[in-house]
*Asks:* 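Have a look at the structure that comes next, please.
Every chain is numbered from 1, with letters handed out A, B, ... down the list of sequences. Values in this document were obtained by computation on a predicted structure and should not be read as measured data.
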Amino acid sequence: MTTDTIQDPKSVLETRFVDAIRAALPDLEGEVDPLIGPSRQPELGDFQSNAAMPLAKRVGMKPRDVACAIVEKLDVTGIANPVSDESIAGPGFINISLLPEAIGSALSAMDDEDLGLPAPADPETIVVDLCGVNLAKQMHVGHLRSSVIGDAIARLKERLGHTVIRQSHVGDWGLPIAMVVQRLIELEDEGSIDTKTISLDELNTIYRAAQAQCKAEKKALDLIERVGGHAKAEAELEARIEDAQRAFKLAQERLVKLQSGDERSVSMWNRVYEITMGACLATCAALMTNITDEHSAGESTYREELGPLISDLESRGVAEIDDGALVVKVDGIKEPTLVRKRNGGYLYATTDMAAIKRRVQELGADQVIYCVDARQALHFKQVFGAATKAGYATKPDGTVAHLEHAAFGNVLGEDNKPLKTRSGENVKLQDLLDEAVVRAKQEVDSRSADFPEEERATIANNIAIAAIKYADLSTERVKDYVFSFDRMLAFEGDTGPYVLYAIARINNLVRKARDNGVDVESALSSEMTLDDPAERALALLVLRYPTMVRAAGENDEPNRLCGYLYDLASMFAKFYEKCPILKDGVDEGSRDTRLRLAVLTKRVLEDGCATLGIPTVERM
RNA sequence: GCCCCGGUAGCUCAGCUGGAUAGAGCAACGGACUUCUAAUCCGUCGGUCGGAGGUUCGAAUCCUCCCCGGGGUGCCA
């Protein structure tokens, strides 16, 4: 960047204001925040400083007098219109109107490869835990959020220049999996299934049957306990219990075989793994998330590490025996973290501690972000506390990694209850995607009948995925949200398709300009002079992009960037209505400025979508 | 019982971490298409920001208590 290009107006104003405040209040000690932000009232200016009010308290003056003193010392040469007492409003807001050429040169400065977001000098290594499917189970809407939000957070961190390692903590180990493996082996021996061709749906059915069997036992035992050994109840349930207990015992034995590397058990487990991951990773691909096999880090991969980890906790006195179980007690957390059951078995907290150890000490994470359901809040609080206490979150250089649970809420149906099918089952994620694509295709077919069939299919697919992801990303993460095809695909208002439409319009504009013989390349490097209010408003919003990406990325809040992209698309639509570009009577200067502004807007929209993992379309 | 998270327009949601008159979309009503793509734009209607106190120049935002909804709470994951 050359010295004569003007930086981001906000940071320039911040420097100027700090200088003015120092000059106006020479006795002031401590930090000074000029509190510069976009104007709340665009008719009064482009930016405002709210610094006078808090400063007034510190120096014991009236806010307005402080504002006057600041204005007197403020030098905005080269960036904004001169300020005076007229610029002060209300209790002491100072309004600033930028010079058109200052906006123009700031835009030119931003119009480079990285769109005003250069790579940081000290990038971090960040592990993002996402997706987290379970063997023998389909992906459902819960995985939608973990995958879509997790991938968006990962992309945001990548966009900020950090090194991201995605980790899918696949539920691929433990008794439930052993039950499926056991059942499959039985069914194979009976000759009633062919494991070479079995589908994930069939596996899922077997999984549920195995689970139900386990639950039947527990329910029966509970019932007997309640009726106090009633002879009739016992007789009625005896057979079922016996059956369930036998299955349970066989599953436990199967788990031991699996753990000891028994050939048939392991090969069946491998088959279950292949089938599940094949289907789930295909869905991840359909969702256009960057989640592949290389990101899978199943619970099974930690199994050899759990024993040594427990020994370590015990020998160093980090964990203690409590009522027969091994627990880690952490100051400030009432509930101790259980890491070993009375019967010697390990728990999910044990595996999660091993995961933290690996992620921090082997993968070198400065930060580990868990994109997991909000109901796990206490679990992660416990695990983070226990792992930190044990030193597993400490890197070899002695720094302690930041562990964070990026929690998300439920996906609800239109009845405001967790989304289920009519028969009360979890909605399969793939079914959800398929339906969205079908609906989008109908819309594209009717609106763009002249496009080739193959292109319409691609457009429909991208619009559907964009609609689903935008809907999932645009609300506050921790809140539940209501899933509605009609709303997200309505193509009206605050939706993914609306943002894509703005991009498509700009592409069309450029295409048309070329057709009209406009020298687009030279227009895109022309001097920009912004006169019209709609141009200025759009330009100022474009300039906020780097700040918005940082805010969204640093706080793990993709919804902020979503909101910005909608605002930008909306502002473009207003600009597009008010500022003709290729129409007759537009002088070349305005045309080139507007064309360049439109194309820069498009680049920001596309970059923002890419940063969130939202696909775009060339035309629609 | 204790802990966590929510409560903003009829509906679905924002609200830039304490700033000026609380904003969008949908729904309702009224306008703008031989058009640089109307999947758009403009206007009207719609609010005791769950309630009550408090903190201060200023509170949807911070602190306390209460009400409502959801979730969690030691040997499942």
*Asks:* Could you state the atom-to-atom distance from NZ of A:Lys602 to C1' of B:U37 in whole Å?
*Replies:*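 Those two atoms, NZ and C1', are 15 Å apart.
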
*Asks:* Does the side chain of A:Asp172 pick up a donor-acceptor pair with the side chain of A:Ser300 at under 3.5 Å?
*Replies:*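 Present: a donor and an acceptor within the cut-off.
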
*Asks:* Looking across every strand, which nucleic acid part, if any, lies under 4.0 Å from A:Met620 by heavy atom: base, sugar-phosphate, or nothing?
*Replies:*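 Base, at least one base atom sits under 4.0 Å.
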
*Asks:* Report yes or no: is there a donor-acceptor pair, N or O only, under 3.5 Å between the side chain of A:Asp373 and the base of B:A77?
*Replies:*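 No such pair is found, so the answer is no.
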
*Asks:* Nearest-Å distance, CG (A:Asp494) to C1' (B:U12)?
*Replies:*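 Result: 10 Å.
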
*Asks:* From the set B:C13, B:C36, B:G6, return the single nucleotide nearest to any side-chain atom of A:Lys512.
*Replies:*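 Selected nucleotide (nearest to the side chain): B:C36.
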
*Asks:* Does A:Arg40 reach a base, just sugar-phosphate, or nothing at all? Heavy atoms under 4.0 Å.
*Replies:*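 Since a base atom lies under 4.0 Å of A:Arg40, the category is base.
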
*Asks:* Would you state whether a donor and an acceptor, one from the side chain of A:Arg505 and one from the base of B:C36, lie under 3.5 Å apart?
*Replies:*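 Flag unset: no donor-acceptor pair detected.
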
*Asks:* Under 3.5 Å for both donor-acceptor distances, Watson-Crick or wobble: does B:C2 have a partner, and if so which one?
*Replies:*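 Looking at the geometry, B:C2 pairs with B:G72.
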
*Asks:* Rounding to a whole Å, what distance do you find between A:Met53:CE and B:G58:P?
*Replies:*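 Nearest whole value for this atom pair: 12 Å.
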
*Asks:* Please work out if A:Arg342 contacts a base, only the sugar-phosphate, or nothing of the nucleic acid, heavy-atom cut-off 4.0 Å.
*Replies:*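 Touches a base.
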
*Asks:* Establish, with yes or no, whether the OP1 or OP2 oxygen of B:C41 is under 4.0 angstrom from a side-chain nitrogen or oxygen of A:Tyr498.
*Replies:*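 Affirmative; the distance criterion is met.
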
*Asks:* Under a 3.5 Å limit for both distances, which nucleotide forms a Watson-Crick or G-U wobble pair with B:U64, could you say?
*Replies:*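 Pairing partner: B:A52.
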
*Asks:* Hey, does A:Pro497 reach any base, or is it just sugar-phosphate, or nothing, if we go heavy atoms under 4.0 Å?
*Replies:*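 Counting heavy atoms under 4.0 Å across all strands, no contact is made by A:Pro497.
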
*Asks:* How do A:Arg619 and A:Leu44 order along RNA chain B: which one's closest nucleotide is nearer the 5' end?
*Replies:*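 By nearest-heavy-atom nucleotide position, the 5'-most residue is A:Leu44.
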
*Asks:* Just by distance, no angles: are the side chains of A:Asp472 and A:Tyr481 close enough, under 3.5 Å, to form a donor-acceptor pair?
*Replies:*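 Yes, a side-chain donor-acceptor pair sits under 3.5 Å.
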
*Asks:* Apply the test salt bridge (Lys or Arg N to Asp or Glu O under 4.0 Å) to residues A:Arg439 and A:Glu443: give CA-CA distance (whole Å), side-chain angles for both, the deciding distance (0.1 Å), then the verdict.
*Replies:* CA-CA 7 Å; A:Arg439 287 176 180 240; A:Glu443 203 66 31; over 6 Å; no

*Asks:* May I ask you to test the A:Ile465-A:Lys469 pair for a side-chain heavy-atom distance under 4.5 Å?
*Replies:*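 Of all side-chain heavy-atom pairs linking A:Lys469 with A:Ile465, at least one is under 4.5 Å.
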
*Asks:* Kindly say if A:Asn508 contacts the phosphate of B:C36, meaning a side-chain N or O under 4.0 Å from OP1 or OP2.
*Replies:*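 Looking at the OP1 and OP2 atoms of B:C36, neither is under 4.0 Å from any side-chain N or O of A:Asn508.
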
*Asks:* Report yes if at least one side-chain N or O of A:Asn559 is closer than 4.0 Å to OP1 or OP2 of B:G15; otherwise report no.
*Replies:*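 Answer yes for this pair, as a side-chain N or O of A:Asn559 is under 4.0 Å from OP1 or OP2.
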
*Asks:* Should A:Lys417 and A:Asp415 be marked as a salt bridge (Lys or Arg N to Asp or Glu O under 4.0 Å) after you check the CA-CA gap, both sets of side-chain angles, and the distance that decides it?
*Replies:* CA-CA 5 Å; A:Lys417 290 177 183 161; A:Asp415 57 357; 5.4 Å; no

*Asks:* Would you please test A:Asp445 and A:Lys441 for salt bridge (Lys or Arg N to Asp or Glu O under 4.0 Å) and show each step?
*Replies:* CA-CA 6 Å; A:Asp445 284 347; A:Lys441 183 65 166 43; 3.0 Å; yes

*Asks:* Here's one to test your reading of the geometry: is the NZ or CZ of A:Arg544 within 45 degrees of the ring axis of A:Tyr564 and under 6.0 Å from its centre?
*Replies:*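 That pair does not qualify as a cation-pi contact.
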
*Asks:* Touch check for A:Cys562, heavy atoms < 4.0 angstrom, all strands: base, sugar-phosphate only, or nothing?
*Replies:*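 Nothing, no nucleic acid heavy atom in range.
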
*Asks:* Classify the nucleic acid contact of A:Ala573 as base, sugar-phosphate or nothing, counting any heavy atom under 4.0 Å across all strands shown.
*Replies:*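 Since only primed, P, OP1 and OP2 atoms lie under 4.0 Å of A:Ala573, the category is sugar-phosphate.
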
*Asks:* Identify whether any heavy atom of A:Ile463 sits under 4.0 Å from a base atom; if not, whether one sits that close to sugar-phosphate; answer base, sugar-phosphate or nothing.
*Replies:*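 Base contact.
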
*Asks:* Report the base-pairing partner of B:A28 (Watson-Crick or G-U wobble, both distances below 3.5 angstrom), or none.
*Replies:*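 In the structure as shown, B:A28 has B:U44 as its Watson-Crick or wobble partner.
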
*Asks:* What integer distance in Å separates A:Arg487:CZ from B:A24:P?
*Replies:*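 My rounded result for the distance is 19 Å.
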
*Asks:* Is any side-chain heavy atom of A:Val83 less than 4.5 Å from a side-chain heavy atom of A:Val71?
*Replies:*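 Side chain of A:Val83 against side chain of A:Val71, heavy atoms only: contact under 4.5 Å found.
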
*Asks:* What is the distance, to the nearest angstrom, from the CZ atom on A:Arg560 to the P atom on B:U17?
*Replies:*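 So the CZ-P distance, A:Arg560 to B:U17, works out to 7 Å.
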
*Asks:* Within the structure shown, what part of the strands sits under 4.0 Å from A:Pro176 by heavy-atom distance: base, sugar-phosphate, or nothing?
*Replies:*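 Answer is nothing: A:Pro176 stays at 4.0 Å or more from every strand.
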
*Asks:* Indicate, with a heavy-atom threshold strictly under 4.0 Å, whether A:Glu299 touches base, sugar-phosphate, or nothing.
*Replies:*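 Sugar-phosphate contact only - A:Glu299 comes under 4.0 Å of backbone atoms but never of a base.
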
*Asks:* With the side chain of A:Asp323 defined as its heavy atoms from C-beta on, choose the nearest nucleotide among B:C75, B:C13, B:A14.
*Replies:*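 For the A:Asp323 side chain, the nearest candidate turns out to be B:C75.
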
*Asks:* Can you label the angle between the A:His379 ring and the A:Tyr348 ring as parallel, tilted or perpendicular, going by 30° and 60°?
*Replies:*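 A:His379 vs A:Tyr348 ring planes: parallel.
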
*Asks:* Looking at the angle O4'-C1'-N9-C4 for a purine or O4'-C1'-N1-C2 for a pyrimidine, is B:U17 syn or anti, with syn meaning within 90° of 0?
*Replies:*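 With its glycosidic angle within 90° of zero, B:U17 counts as syn.
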
*Asks:* Can you find a donor-acceptor pair, distance only, under 3.5 Å between A:Gln48 side chain and B:A20 base?
*Replies:*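 Per atom types, the contact qualifies.
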
*Asks:* Does OP1 or OP2 of B:G58 have a side-chain N or O of A:Lys57 closer than 4.0 Å?
*Replies:*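 False: A:Lys57 side-chain N/O out of range (4.0 Å or more) of B:G58 OP1/OP2.
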
*Asks:* Separation of A:His379 atom NE2 from B:A77 atom P, in whole Å?
*Replies:*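 From A:His379 NE2 to B:A77 P: 10 Å.
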
*Asks:* What about A:Asp486: does its side chain form a donor-acceptor pair under 3.5 Å with the base of B:C26?
*Replies:*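 No, the side chain and the base share no sub-3.5 Å donor-acceptor pair.
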
*Asks:* Going by centres under 5.5 angstrom and planes under 30 degrees, do the aromatic ring of A:Phe93 and the base ring of B:A20 stack?
*Replies:*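 It does: the ring sits over the base of B:A20.
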
*Asks:* Could you work out which one of B:A39, B:A20, B:G74 sits closest to the side chain of A:Arg447?
*Replies:*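 Closest nucleotide to the A:Arg447 side chain: B:A39.
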
*Asks:* Of the options B:G74, B:A77, B:C36, whose atoms approach the side-chain atoms of A:Pro336 most closely?
*Replies:*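 The listed nucleotide nearest to A:Pro336's side chain is B:G74.
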
*Asks:* Looking at the side chain of A:Glu443, which of B:U17, B:A39, B:G19 is the nearest nucleotide?
*Replies:*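 So the side chain of A:Glu443 is nearest to B:A39.
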
*Asks:* How is A:Pro63 classified with respect to the nucleic acid when contacts are heavy atoms under 4.0 Å: base, sugar-phosphate, or nothing?
*Replies:*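 Nothing, no heavy atom under 4.0 Å.
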
*Asks:* Of the candidate nucleotides B:U12, B:U37, B:C76, which contains the atom at the shortest distance from the side chain of A:Ala504?
*Replies:*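 Selected nucleotide (nearest to the side chain): B:U37.
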
*Asks:* Between B:C36 atom P and A:Lys578 atom NZ, what is the distance in whole Å?
*Replies:*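 That distance rounds to 18 Å.
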
*Asks:* For a quick test of reading the model: is some side-chain N or O of A:Asn416 closer than 4.0 Å to OP1 or OP2 of B:U12?
*Replies:*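 Affirmative; the distance criterion is met.
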
*Asks:* Within the structure shown, what part of the strands sits under 4.0 Å from A:Leu378 by heavy-atom distance: base, sugar-phosphate, or nothing?
*Replies:*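 It contacts sugar-phosphate atoms only.
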
*Asks:* Under 5.5 Å centre to centre and under 30° between planes: does that hold for A:Tyr501 and the six-membered base ring of B:U37?
*Replies:*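 A stacking contact does not exist, since A:Tyr501 is not both close and nearly parallel to the base ring of B:U37.
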
*Asks:* Choosing from B:U17, B:G74, B:C13, which nucleotide comes nearest the side chain of A:Thr475?
*Replies:*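 That would be B:C13.
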
*Asks:* Among the candidates B:G25, B:G74, B:C57, find the nucleotide nearest to the side-chain atoms of A:Asp322.
*Replies:*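 Output: B:G74.
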
*Asks:* Using a cut-off of 4.0 Å on non-hydrogen atoms, how would the nucleic acid contact of A:Val586 be classed: base, sugar-phosphate, or nothing?
*Replies:*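 Touches nothing.
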
*Asks:* Find which nucleotide of RNA chain B each of A:Tyr576 and A:Glu557 is nearest to by heavy atoms, and output the residue with the more 5' nucleotide.
*Replies:*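 Checking each residue's closest nucleotide, the 5'-ward one belongs to A:Glu557.
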
*Asks:* Using a cut-off of 4.0 Å on non-hydrogen atoms, how would the nucleic acid contact of A:Tyr348 be classed: base, sugar-phosphate, or nothing?
*Replies:*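 The answer is base, as A:Tyr348 lies within the cut-off (heavy atoms under 4.0 Å) of a base atom.
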
*Asks:* Just the rounded figure in Å: distance from C1' of B:U37 to CD1 of A:Ile503.
*Replies:*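 Rounding to the nearest Å, CD1 of A:Ile503 and C1' of B:U37 are 15 Å apart.
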
*Asks:* Considering Watson-Crick and G-U wobble pairs with both distances under 3.5 Å, what does B:U17 pair with?
*Replies:*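 Pairing partner, where one exists within any strand: none, as none qualifies.
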
*Asks:* So, is the end of the A:Arg505 side chain (NZ or CZ) under 6.0 Å from the ring centre of A:Tyr576 and within 45° of the ring's axis?
*Replies:*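 Satisfied, under 6.0 Å and within 45°.
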
*Asks:* With respect to the side chain of A:Lys334, which nucleotide from B:G71, B:G1, B:C75 is positioned closest?
*Replies:*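 Output: B:G1.
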
*Asks:* Scan A:Ala377 against the nucleic acid and name what it touches under 4.0 Å (heavy atoms): base, sugar-phosphate only, or nothing.
*Replies:*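 The residue A:Ala377 makes no contact with any strand.
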
*Asks:* Indicate whether OP1 or OP2 belonging to B:C4 is found under 4.0 Å from a side-chain N or O atom of A:Lys381.
*Replies:*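 Answer is no, no contact under 4.0 Å.
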
*Asks:* Report yes if at least one side-chain N or O of A:Lys479 is closer than 4.0 Å to OP1 or OP2 of B:A14; otherwise report no.
*Replies:*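 Looking at the OP1 and OP2 atoms of B:A14, one of them is under 4.0 Å from a side-chain N or O of A:Lys479.
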
